[in-house]
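To start, the structure itself, in structure tokens.
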Amino acid sequence: MPIEIHRISDGSRWTIPDVGPTTFVREVKSKIRSNFKPQFENGCRLIYNKKVLKSRHRLKHYKIDDHATIDMDDSKNWSSSSSSSSSED
């Protein structure tokens, strides 16, 4: 299922074509860092339905489905504490 990433800082958009409900948020962030670079190294805070997405959760945890748009706030270097990545959903 494709999802769209909307970079808040400049309004640009990028589509990730190959993710699914069981994809971890950390995998989405990795794809973004490789293909749609944020302004800052840790500037990859993802937001969906006004919730900050945590790396340890799968997309289905946030009810993200086909053609959803996720906002990326890359306006500053966010701490890694906002994107913990240990346990599964």
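We count residues from 1, following the sequence as given.
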Kindly say whether the aromatic ring centers of H57 and Y62 come within a distance under 6.0 Å.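 For H57 and Y62, the ring centres are under 6.0 Å apart.
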
Exercise: identify the closest heavy-atom pair between [X] and [Y]:
X: Y48; Y: T69; result: CD1-O, 3.4 Å
X: M72; Y: C44; result: SD-SG, 4.1 Å
X: R58; Y: T22; result: NH1-O, 2.6 Å
X: L59; Y: G20; result: CD1-O, 3.5 Å
X: M1; Y: D65; result: SD-C, 3.6 Å
X: V19; Y: I16; result: CG1-CG2, 3.6 Å

Looking at D18 and K31, does any basic side-chain N land under 4.0 Å from a carboxylate oxygen?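 Yes, D18 and K31 are salt-bridged.
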
Are L46 and V52 side-chain neighbours, meaning at least one heavy-atom pair lies under 4.5 Å? no

So do I8 and H6 actually touch side chain to side chain, heavy atoms under 4.5 Å? yes

Show your working on side-chain contact (heavy atoms from CB on, under 4.5 Å) between L53 and I64 and close with a plain yes or no. CA-CA 11 Å; L53 308 185; I64 296 171; 3.9 Å; yes

Atom pair NE2/CZ of H61 and F24 - distance to nearest 0.5 Å: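 Reported value, rounded in 0.5 Å steps: 11.5 Å.
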
If you round to the nearest 0.5 Å, how far is NZ of K54 from CZ of R26?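 That separation rounds to 14.0 Å.
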
Where do K29 and S55 land on the side chain to side chain donor-acceptor pair (under 3.5 Å) test, with the steps shown first? CA-CA 8 Å; K29 288 182 176 183; S55 293; 3.3 Å; yes

Given the rule in the side-chain contact (heavy atoms from CB on, under 4.5 Å) test, do I47 and I70 qualify, once you have shown the distances and angles that lead to the verdict? CA-CA 6 Å; I47 303 163; I70 297 172; 5.9 Å; no

Side-chain donor-acceptor pair under 3.5 Å between R7 and S12, yes or no?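 On atom types as modelled, these side chains qualify, holding a pair under 3.5 Å.
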
